[in-house]
Amino acid sequence: MSNPASRSGNGVNLRGQETDLSARHQTVIVLDFGSQYTQLIARRLRQNRVYCEVHPCAMAASEMAKLQPIGVILSGGPQSVYDENASRVDPAVFDLDVPVLGICYGFNLIAQQFGAEVEASTDREYGRAEIEIFDGSELLDSLAASETVWMSHGDRVAKVPDGFRLIASSKSAPIVGLEDAERGIYGIQFHPEVSHTASGQEILHNFLYRICGASGDWAMASYLEEAVETIRRQAPTGRVLCGISGGVDSSVVAVLLRRAVGERLSAVFVDTGLLRKDERRHMENSLGTGLGLPVTVVDARERFLGALEGISDPEEKRRTIGRVFIEVFEGEAQRLDGAGYLAQGTLYPDVIESVSIKGPSAVIKTHHNVGGLPERLGFELIEPLRMLFKDEVRQLGRELGLPEELIGRHPFPGPGLGVRILGEITPQRIRTLQEADAIFIQELCSRDLYNKVSQAFAVLLPVHTVGVMGDSRTYENVVALRAVETQDFMTADWSPLPHEFLAVVANRIVNEVRGVNRVVYDITSKPPATIEWE
Ligand code: XMP
């Protein structure tokens, strides 16, 4: 589905597809104990060409067995294993006869399970730490005698449990690595998935290839063939409807569907009037002309503008845009004879979040979606990216022949400029923001900075400020520029764009965009701010 839906994570079915993937590929199970790094573990495994799935820590070992894993990883987590309600792992996991690796909290759980005390450390180690590594470890094989690692826990293991050997120590915690190669149980107090752990990749590689016997059978080229086959099986006849937004996810879905169902695909692009400058033409060129997709454009600009009249509240804007989007899309769907399937670009992080042990994460913003649509119209959902991370979607896009320019596009929110025009949305304010934003993006591209930031855009503020132009006083709009660098968009740093670059952009905006007399640059990270301003 188009961008508004790509945040939904309300995936209904396709459990089938997941089972299918674990049946086809060697699979590692990552049990989520709530660490902020759990997804990162999973991404690192995939980057090592091993398929993995993240499951809640309460998963029964009998359920794990059904996936025929080659290994299980217990993630870190915010609790302490000695807390009264601490999450546990099903002890039968150790009888599955597959290697188990515990990281941080997972490491403490293993130690506790096998009889060692875990206690609050008097000398807590957070952040970078130096550890000493002992010879003969399978897990830490080929690492130097001393390594820099990333710690983020205040607990320590008090003794080496029976049958285990000590493989690493740090100054303040003598036991930061344990292994029992015979039983295939391994644990480390630090985080190998975090890039600050210098040899983290080697450790995960050792676990996968030396210990679990991985063959590296996960690659996007073969996934592409499998996905095509799965879609054909899932939607053997009838029309498949796919909303496209011009962004990466929905474009990949559409091109993949085109390959799987050919002429049975109907791709729909809704022009909300809240798009970036020239976006519609851009989409028609790249997806229509360039990739040969049969795109129907629905011009709903008037409808969105009408519905948004007088609305300034961010959440009300999102709800309104979401509602109108569904109505427009529904109208289009009903015009199409026999559309039985709706394709959406849901990604794996959305799926993980919706099953996480933390329960539904607190709503900070309503990320509107067309979640209600499939049921309302009796559609069956197709979500071919449901098990993929963003970097894998990009890789899949390359396999499908999408141009690099499209693959590298920054994300764009479903409500579009609606949440970047603070205050009321009017045609004039849309035009002002489109012009300012286009200058910013154009300059980023021409100076080779676009791909160095994760997301960049302009925001139109609801304030007027005094300026002077020529001999006259002005009282006009302020535009804020935002550029961030991030791995996962959950946290982000503001991007330190060169001052002379910002000066050029500001100068051009004030000179070329009527109604703007001041430009500011946002230097707040997320948290405490969010990436968008609304
Ligand atoms: P925030 O502002 O929450 O943004 O830090 C994180 C990422 O999500 C995008 N975003 C949205 N995407 N509908 C969307 O489809 C929305 O309502 C929405 N709000 C934020 C934002 O652009 C960034 O990439």
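Residues take their numbers from the sequence shown, with the count starting at 1. Keep in mind the model is a prediction, meaning the values are calculated, not measured.
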- [ ] Drop me the distance from Ile421's CD1 to Gln434's CD, to the nearest 0.5 angstrom.
- [x] 7.5 Å
Open item on the list: Between Lys317 and Gly418 (side chain of the first, backbone of the second, donor and acceptor by atom type, cut-off under 3.5 Å), is there such a pair?
Closed with: yes
Task: Side-chain heavy atoms of Pro349 within contact of Phe489, under 4.5 Å - done: no
Open item on the list: Just so I know, are the side chains of Val295 and Met283 near enough to count as touching, which here means a heavy-atom distance under 4.5 Å?
Closed with: yes
- [ ] Report yes or no: does Lys277 contribute a side-chain atom to a donor-acceptor pair with the main-chain N or O of Leu433 at less than 3.5 Å?
- [x] no
TODO: Decide yes or no on side chain to side chain contact (heavy atoms under 4.5 Å, CB included) for Phe269 and Leu275, but give the supporting numbers first.
DONE: CA-CA 11 Å; Phe269 178 86; Leu275 306 172; 3.6 Å; yes
Open item on the list: Is it true that Ser454 and Thr486 share a donor-acceptor pair across their side chains at a distance under 3.5 Å?
Closed with: no
Open item on the list: Salt bridge or not between Arg323 and Glu327? Use side-chain N to carboxylate O under 4.0 Å.
Closed with: yes
TODO: Kindly say whether Ser245 contributes a backbone atom to a donor-acceptor pair with the side chain of Ser250 at under 3.5 angstrom?
DONE: yes
Task: NZ/NE/NH1/NH2 to OD/OE distance under 4.0 Å, Glu284 and Arg281 - done: no
- [ ] Indicate the atoms forming the closest heavy-atom contact of Leu257 with Ile231, along with that distance.
- [x] CD2-CG2, 3.7 Å
- [ ] Please report the closest heavy-atom contact between Gly34 and Pro78, naming both atoms and the distance.
- [x] O-CD, 3.6 Å
Open item on the list: Between Arg386 (side chain only) and Thr346 (backbone N and O only), is there a donor and an acceptor less than 3.5 Å apart?
Closed with: no
TODO: Any ring pair (Phe, Tyr, Trp, His ring centres under 6.0 Å) involving residues 440-488? Give me the pairs, sequence neighbours left out, ordered by first then second residue.
DONE: His410-Tyr450, His464-Tyr475
Task: Minimum heavy-atom distance Gly423-Ser312, with the two atoms named - done: C-OG, 3.8 Å
- [ ] Look at the side chain of Asn517 and the backbone N and O of Thr465, then say whether any donor-acceptor pair between them is shorter than 3.5 Å.
- [x] yes
Task: Candidates Leu241, Val298, Val324 - the one meeting side chain to side chain contact (heavy atoms under 4.5 Å, CB included) with Phe329 - done: Leu241
TODO: Taking all heavy atoms of Ser22 and all of Leu67, pick out the closest pair and write down the distance.
DONE: OG-CD2, 3.4 Å
TODO: State, yes or no, whether a side-chain contact exists between Leu406 and Leu287 at a heavy-atom distance under 4.5 Å.
DONE: yes
Open item on the list: Check this for me: Met490, atom CE, are more than 12 non-hydrogen atoms of other residues, nucleotides or ligands nearer than 6.0 Å?
Closed with: no
- [ ] For the pair Asp493 (side chain) and Glu485 (backbone), establish whether a donor and an acceptor sit closer than 3.5 Å, ignoring hydrogens and angles.
- [x] no
Open item on the list: For the OG atom of Ser195 and the CG atom of Leu40, what is their distance to the nearest 0.5 Å?
Closed with: 8.0 Å
Open item on the list: If you count every heavy atom of other residues, nucleotides or ligands that lies below 6.0 Å from Arg233 atom CZ, does the total exceed 12?
Closed with: yes
Task: Side-chain donor/acceptor of Gln344 to backbone N/O of Leu381, under 3.5 Å - done: no
TODO: Answer yes or no: is there an ion pair linking Glu476 with Arg518, defined by an N-O contact shorter than 4.0 Å?
DONE: no
Open item on the list: Is it the case that the side chain of Arg398 and the backbone of Glu404 share a donor-acceptor pair, with hydrogens and angles ignored and the cut-off at 3.5 Å?
Closed with: no
Open item on the list: Walk me through whether Thr27 and Glu53 qualify under side-chain hydrogen bond (donor to acceptor under 3.5 Å, both in side chains).
Closed with: CA-CA 7 Å; Thr27 302; Glu53 290 183 8; 5.6 Å; no
- [ ] Taking the side chain as every heavy atom from C-beta outward, state whether Glu332 and Val270 have any atom pair closer than 4.5 Å.
- [x] no
TODO: Kindly give the heavy-atom pair with the smallest separation between Gly246 and Glu279, and that separation in Å.
DONE: CA-OE2, 4.1 Å
Task: Heavy-atom side-chain contact between Val505 and Tyr521 under 4.5 Å - done: no
Open item on the list: Using 0.5 Å steps for rounding, measure from the CD1 atom of Ile352 to the CG atom of Leu347.
Closed with: 10.5 Å
- [ ] Could you give me the CA-CA distance, side-chain angles and deciding distance for Gln47 and Asp391, then say whether side chain to side chain contact (heavy atoms under 4.5 Å, CB included) is met?
- [x] CA-CA 9 Å; Gln47 283 162 3; Asp391 38 352; 3.3 Å; yes
Open item on the list: Do Pro498 and Leu449 have side chains that approach each other closer than 4.5 Å (heavy atoms only, starting at C-beta)?
Closed with: yes
Open item on the list: Just verifying a value: how many Å separate Gln455 CD and Arg409 CZ, rounded to the nearest 0.5 Å?
Closed with: 12.0 Å
Open item on the list: How about CD on Gln334, more than 12 heavy atoms from neighbouring residues, nucleotides or ligands closer than 6.0 Å, or not?
Closed with: yes
TODO: Without swapping roles, check the side chain of Arg482 against the backbone of Ile531 for a donor-acceptor pair under 3.5 Å.
DONE: yes
TODO: Give a yes or no answer on whether the side chain of Arg239 reaches the backbone of Glu263 with a donor-acceptor pair at less than 3.5 Å.
DONE: yes
Task: Residues Asp522, Trp533; criterion side chain to side chain contact (heavy atoms under 4.5 Å, CB included); working and verdict - done: CA-CA 10 Å; Asp522 182 351; Trp533 277 44; 2.9 Å; yes
Task: Basic-acidic side-chain contact under 4.0 Å: Arg24, Glu229 - done: yes
Open item on the list: Determine whether the aromatic ring centres of residues His191 and Trp150 are separated by less than 6.0 angstrom.
Closed with: no
Open item on the list: Let's go through Arg46 and Gln395 carefully: what are the C-alpha distance in whole Å and the side-chain angles of both, what is the deciding distance for side chain to side chain contact (heavy atoms under 4.5 Å, CB included) to 0.1 Å, and is it a yes or a no?
Closed with: CA-CA 12 Å; Arg46 301 267 186 103; Gln395 198 48 44; over 6 Å; no
Task: Beyond-backbone contact of Leu481 with Leu497, side-chain heavy atoms, under 4.5 angstrom - done: no
- [ ] Please examine the side chains of Val54 and Gln39, heavy atoms only from C-beta on, and report whether any two atoms are closer than 4.5 Å.
- [x] no
Task: Glu63 versus His55, side-chain donor and acceptor atoms under 3.5 Å - done: no
- [ ] Answer yes or no: is there an ion pair linking Asp249 with Lys390, defined by an N-O contact shorter than 4.0 Å?
- [x] yes
Open item on the list: Rounded to the nearest 0.5 Å, what separates atom CZ in Arg276 from atom CG in Leu417?
Closed with: 8.0 Å
Open item on the list: Around atom CD of Gln487, are there more than 12 heavy atoms from other residues, nucleotides or ligands closer than 6.0 Å?
Closed with: no
TODO: Quick one: sort the Tyr51 and Trp218 rings into parallel, tilted or perpendicular, breaks at 30° and 60°.
DONE: tilted
- [ ] Quick one: closest heavy-atom pair of Ser525 and Ala492, and the distance?
- [x] CB-O, 3.3 Å
Task: Spacing of CZ belonging to Arg258 relative to SG belonging to Cys242, to within rounding of 0.5 Å - done: 12.0 Å
